[in-house]
Structure formats: structure tokens, C-alpha cells
Amino acid sequence: MKYLSAAFLLLALLFVSCEDDEDPFTDGEVELQMNFTGDFDGRDLMVQSEAYAYPGGGQLKFQLFQYYVSDLQLVPADGGDPVILSEIELIRYASATEDNVESRTFTVPSGDYSAVRFGLGVKPALNNTDPNNFSANDPLNENEFWNANARYVFAKIEANADLEGDDIFDAPVTIHMGSDALYRTVTLSQDVSFRPGTDAELTVVADIFQAFGGNSDTYDLTVPANRRVHGGNQNVAAGVFNRLAEQFKLTR
Amino acid sequence: MRTLLGFCLLWTALGCTDPGPERLALAEPAAFASMILPDDNPTTKEGLALGRRLFFDPILSADSTVSCGTCHEPARAFADGKSLSVGLGGRTGRRNSPGLANVGYLHQTLFWDGRAADLESQALHPIADQHEMGGSWPAVISKLRRHPAYGPAFLDAFALDELRQLNPDHVGKALAQFQRSLISADSKYDRVVRGDAAYTESEALGAAIFFDLGDQPEEIKWFGRIPTGECAHCHTAPHFTNQRFFNNGLDEQLDVAAFRDKGRGAVTGSKYDNGLFKVPGLRNVALTGPYMHDGRMATLAAVVDHYDRGGHYAENRSANVMPLLLTGRQKTALVDFLHTLTDTSFVNNPDHRPLNSK
């Protein structure tokens with residue numbers, strides 16, 4: 001009888017281990033594709049390959065545009081608890097061989113939502129943690145920190161500028177922004193309904209030109225101190241960062 | 001029922017007879033994010049020993065004269081001291097041999113141009129490269145299968161049933177296991193970070209320039225106002241590389257399509273990636289010269305001079321490469337700081353040397 005019990009146990013174990021994984025989706029869920037698009041003055045942001053006219057006669061070729069997104073979430077229309085999609089994402093455009101769209105896919109409850117909300121930057125609770133506490137391939141381990149004692153660079157814009165109109169892009173523009181004080185919450189309101197069986201897709205658009213003040217309040221790149229903004233001149237960075245936070249748009 | 005019972009007991013017994021290769025947990029420093037190990041190539045006692053033996057054995061080259069260790073010497077932090085690597089028959093390669101300290105932590109791409117996705121596939125390239133080991137894989141595999149020690153070692157390391165199963169992937173996996181064990185975490189820099197040592201004044205100034213600590217004008221430091229070195233944008237601690245690709249201004253080029261060594265561009269096919277090379281890690285950098293992808297700079301002082309000048313123009317030169325305006329003392333300090341990345345316990349580690357030299 002003892003051996004019979006052992007055999008039964010082994011068979012049960014075998015059966016359980018061979019069972020198919022359950023379908024992760026239920027009838028009440030949809031797959032949402034969140035796109036993050038990078039633009040410059042309404043044009044697709046193409047790294048290095050495109051030159052973008054800048055007010056005042058210059059032009060820019062971009063090498064990098066990136067920003068951290070914390071607590072990406074959907075806000076339910078009925079005022080219920082938000083649906084957290086991701087605690088941290090790094091949205092990066094740095095390759096001449098890729099387009100200007102970064103996509104993430106999330107499984108979310110079907111229903112009515114009124115907004116997408118996220119923190120621009122690394123939220124304080126994460127910004128004060130050692131990057132090496134995270135997996136080597138975590139967004140927080142993408143080597144985007146100031147130094148061993150100070151934490152993350154929330155957003156970067158890097159480009160080379162042609163300021164003389166001679167097609168020589170010899171004026172580096174490197175703007176790095178980030179500190180707990182700069183962290184901003186962005187809410188993009190739009191009523192959307194996700195029904196099971198339908199495509200769910202939302203696009204967050206970021207336009208660097210608007211972060212640079214657009215045509216009306218243009219950031220002056222002829223000033224050398226404005227072209228190199230790193231740790232020490234975060235008061236200058238604050239202007240660009242705040243405009244970056246204010247310019248996001250949400251489309252379907 | 002008895003038949004069923006017998007089957008179950010036999011199944012259980014079989015599961016206990018062959019434990020396979022013995023898993024090893026590498027002693028990783030707490031200061032590093034854990035190494036990412038591929039599911040199909042965990043580090044094992046047998047695999048690591050086999051990889052170590054293969055790494056230093058010229059059997060992998062066409063005429064049994066060149067091993068991985070020929071261009072990656074332990075005493076030089078696994079570089080070779082030459083501008084360009086020299087392979088079979090004295091043939092000069094295209095690129096400088098990089099050091100291998102902490103290479104297991106570089107999980108994105110490998111080689112100066114990033115043409116290998118991981119250590120397993122990287123290890124396969126030099127063996128068949130005519131400028132390096134000049135071999136052919138069928139010949140190498142045939143030699144290994146016939147070898148009285150390697151044959152059984154491969155069977156043990158990868159739980160193979162027979163030598164016919166041995167293929168290049170197993171060679172790559174064994175070499176990758178050895179390279180993942182090449183961990184450097186006890187340089188003076190590490191000891192300072194841990195609070196177990198202190199920089200000299202010059203080293204501290206160099207660290208401040210390297211990490212742009214002078215870029216905080218609201219709080220004047222002991223060193224006064226100093227320029228920023230802009231180094232750590234790309235050479236980010238703890239491995240001193242962000243694993244990405246940049247044009248660091250080595251050659252003036254008005255037309256990016258005309259770069260002689262296209263570097264990353266040869267892999268991606270985009271002319272805008274021409275002249276871009278992978279940021280090397282700087283651990284033990286004082287031991288790994290000459291420097292740059294083609295070894296054109298003999299000393300660290302020459303490297304610092306290059307970056308101080310801001311490099312040469314190309315429209316895809318990194319925006320973070322710009323004139324620094326360092327004084328002579330500041331340049332010396334930067335070099336002194338780079339010397340603090342030397343880890344003598346790493347280069348003298350007997351486990352990193354050929355078995356017969358231990």
C-alpha cells in the first residue's frame with residue numbers, strides 16, 4: 001500500500017507538471033499597445049539622418065532623445081483606482097536604424113478610462129536607490145545616472161547644431177536633466193473605451209521642439225551655456241524639463 | 001499495477017543516477033547588478049574548467065600556434081599590449097584586443113562594432129577568422145573529438161551522450177563560462193567606494209573631473225572650480241561603459257559615408273553609424289594599452305589629450321565630445337584616477353591563468 005501511494009504521488013506530479021499553462025487572458029481583459037512617439041516640430045524624429053530647422057536660422061541633427069516614465073497608469077472613468085501599467089520605463093530614441101516609435105504592450109481590464117497618467121522622470125522612491133539593486137537589464141540599469149553618488153538623469157536631449165548655416169554640425173548640444181525637484185506628473189485626458197476583442201492602442205507624442213519653447217519662446221542655442229546643460233545648471237534644465245512635461249499629447 | 005509501480009520507481013531512479021554538470025555560483029560582488037546568465041549555459045564546474053583550458057590552448061587555431069590567450073593575456077588584464085592583434089602566421093588583425101575584465105557583465109553586444117550578441121556567439125568569431133586563429137570549424141571539432149582529454153571533458157561539461165553531438169556551440173559555451181568568471185572588483189577605486197581606502201589628492205581631483213563633480217557650482221568643493229571631463233556619460237560606473245556606440249572624434253570626416261573603418265556602420269548598414277565604436281570598459285585600463293579600436297594611442301596621457309582637444313569633426317561625433325580646457329595638472333590627475341582602476345588581485349588571480357601555470 002505504501003508503494004501504491006508513492007506511485008500515485010509520482011503520477012500526480014507528472015500530470016501536474018505536464019498540464020498546459022493557463023491562458024493568461026480572461027474575457028475581461030484586452031491587450032493595450034502603448035506607443036511613445038518622438039517628433040520635432042511635428043515631423044518624425046529621425047536620429048542623425050535628418051536635419052531640423054531651428055528658429056533663427058540654425059539646424060539640428062539629433063543623436064539622442066530619451067526620458068524616464070514612472071508609474072505609467074490608466075485612470076478609470078468611474079474614478080476608481082488607477083491601473084498601473086509599469087513602474088518604470090525608459091523611452092529612448094538613439095538609433096539611426098530605428099523609427100521614432102517605441103511601443104510597449106500591457107494587459108489591462110476592459111472598460112472606460114478618462115486619462116493616461118505618468119511621472120516624467122524617476123519617481124523619488126526609485127531615484128534614491130542604487131542602480132545595482134536592480135537587474136542588469138532593468139531600465140534603471142541603463143547607465144543613465146549622474147555618478148556613483150547621485151542618481152538618475154531623467155531626460156536627455158543630444159544633438160549637433162549647425163549655427164552658421166554652412167551644413168557643418170559642429171556645435172554640440174547636450175542637455176541632461178534630472179533631480180527629485182524636477183519630477184513632474186503628467187496627466188493626458190482622453191475618454192477611451194476598451195472592449196474585449198477590439199484593438200486597444202494609445203500613442204503618447206513628445207515633441208522636442210515644444211520642449212525648446214517652439215516658435216514663440218525659443219530656447220536660445222546660440223548661447224554656449226544653453227548648449228551644455230548637465231548637473232550644475234539644473235535651473236536652466238528646469239525650463240526645458242517643465243516645457244517637456246507640458247507638451248505631451250495623447251492620440252488614439 | 002505492479003508494472004506501473006515499477007515504471008515509476010525506475011523513472012525516479014533514473015532521475016537520480018546522472019546529476020549532470022555541477023552548477024557553480026560565481027562569487028559576484030554585491031556592488032554589481034547580478035550577471036545575466038543564459039538559461040542554456042549556466043556556469044558549471046566542468047564547463048568552467050573546460051573553458052579555461054580551451055582559452056589558453058592553441059588547439060583551436062589552424063596550426064596550433066594561436067590561442068585566445070595569445071591576444072588576451074592575464075597579466076595585461078586580458079589585452080595584449082599591441083596596437084592591433086596579431087594572429088596566425090603573424091597576420092595583423094583590424095582591431096585592438098580589448099581587456100576582458102567584467103566582460104560577463106556586458107550583456108548587450110560584444111566586439112568594437114557589436115557584431116556578436118553575447119559571449120557564446122562572440123567566442124566563435126576569432127576561431128574561424130583568417131586574421132586571428134585561421135581555423136575551420138569542421139577541423140577544430142574533429143580535433144576536439146579525437147583529443148583524449150577534450151572529448152571526455154565535453155561529454156561531462158554538457159552532458160552529451162556521444163562525441164558526435166559536439167559542435168561549435170559547445171566550444172562557445174565553454175569559453176563563455178570561463179570569460180564570465182573574469183570578475184574585477186578590488187581596484188583602489190572599488191576600495192574607495194567601499195570606504196576601505198582613500199585617494200591621493202591627485203587621484204581625487206582626477207575622480208572629480210572624471211565624474212563631473214565640478215559641475216555643481218552652487219557648492220564649491222575642496223578642489224575649487226574645475227572643468228568637467230565628460231567621461232562618465234559613456235564610461236559609466238561600475239563597469240565604466242554604457243555599452244553603447246559613439247564616434248569619439250578620432251578622425252575628421254566631412255562625409256560619414258567615407259569612414260575607412262566603418263565600425264558599427266558595417267554591422268547595421270547605416271552610414272550614420274559609420275565611425276561609431278563600442279565604449280570599452282575602463283577597468284584595469286592602465287594595463288590594456290595601446291588605446292582605441294585601432295590602438296592608435298600609446299598612453300593614457302595621449303587619450304586624455306585627445307579628449308581635451310575635443311576630437312575631430314564629423315557630423316556624427318558624439319555631442320559629449322567637446323574641448324575640455326584641462327590644465328596639465330588636471331590631465332595628470334585624470335590619468336592618476338584611471339590608474340586606480342587597476343586591480344592587481346585580478347591580474348594575479350591564479351584561476352585566470354592556464355592550468356599548468358597555477
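Quick note on labels: first sequence line is chain A, next is B, and so on, each numbered from 1. All values below were derived from every heavy atom in this structure, side-chain atoms included, with hydrogens, water molecules and symmetry-related copies excluded.
Of all non-hydrogen atoms in B:Ala319 and A:Glu158, the two that sit nearest each other are CB-CB, 4.3 Å. Smallest separation of non-hydrogen atoms from B:Ala237 and A:Phe145: O-CE1, 3.2 Å. In terms of heavy atoms, B:Ser270 sits closest to A:Thr97 at CB-CG2, 3.5 Å. Scanning all heavy atoms of the two residues, the minimum distance from B:Asp215 to A:Gly231 falls at OD2-N, 3.0 Å.
In this structure, no portion of B:Leu276 lies under 4.5 Å from any heavy atom of chain A. Using a 4.5 Å cut-off between heavy atoms, A:Gln48 touches chain B through backbone and side chain atoms alike. For B:Tyr313, the part lying near chain A is the side chain, with the backbone staying farther off; criterion is any non-hydrogen pair under 4.5 Å. Within the 4.5 angstrom heavy-atom criterion, only side-chain atoms of B:Arg244, from C-beta onward, approach chain A. Looking at A:Ala161, neither its backbone nor its side chain comes within 4.5 Å of chain B, counting heavy atoms on both sides. Both the backbone and the side chain of B:Asn316 have a heavy atom closer than 4.5 Å to some heavy atom of chain A. Of the atoms belonging to A:Gln234, not a single heavy atom falls under 4.5 Å from chain B. The part of B:Ser34 that comes within reach of chain A is its backbone (N, CA, C, O), which places non-hydrogen atoms under 4.5 angstrom from that chain.
With chain B as the partner, the residue from A:Asn141, A:Ile168, A:Asp130 showing the most heavy-atom pairs under 4.5 Å is A:Ile168. Counting heavy-atom pairs under 4.5 Å between each of B:Asn242, B:Thr268, B:Val256 and chain A puts B:Asn242 at the top. Counting heavy-atom pairs closer than 4.5 Å to chain B, the top-ranked of the candidates A:Arg228, A:His176, A:Lys61 is A:Arg228. Per-residue heavy-atom pair counts under 4.5 Å with chain B were compared for A:Asn133, A:Asn143, A:Val173, and the maximum is reached by A:Asn143. The candidate with the highest count of non-hydrogen atom pairs below 4.5 Å against chain A, out of B:Lys271, B:His107, B:Gln243, is B:His107. Annotation: maximal heavy-atom pairing with chain B below 4.5 Å, among A:Pro172, A:Ala136, A:Ala159, occurs at A:Ala136.
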Kindly indicate, with the supporting measurements, whether the criterion side-chain contact (heavy atoms from CB on, under 4.5 Å) is fulfilled by A:Asn160 and B:Glu315. CA-CA 7 Å; A:Asn160 282 317; B:Glu315 67 168 53; 5.8 Å; no
Show your working on side-chain contact (heavy atoms from CB on, under 4.5 Å) between B:Met322 and A:Thr174 and close with a plain yes or no. CA-CA 10 Å; B:Met322 61 184 81; A:Thr174 167; 3.6 Å; yes
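A:His230 places none of its side-chain heavy atoms less than 4.5 Å from the side chain of B:Thr228. Considering only heavy atoms from C-beta on, B:Gln108 comes within 4.5 Å of A:Glu142 through its side chain.
Here the OH atom belonging to B:Tyr272 is positioned 13.0 Å from the OG atom belonging to A:Ser95, to the nearest 0.5 angstrom.
Counting only distance, with no hydrogens or angles, the side chain of A:Asn132 and the backbone of B:Ala33 share a donor-acceptor pair below 3.5 Å.
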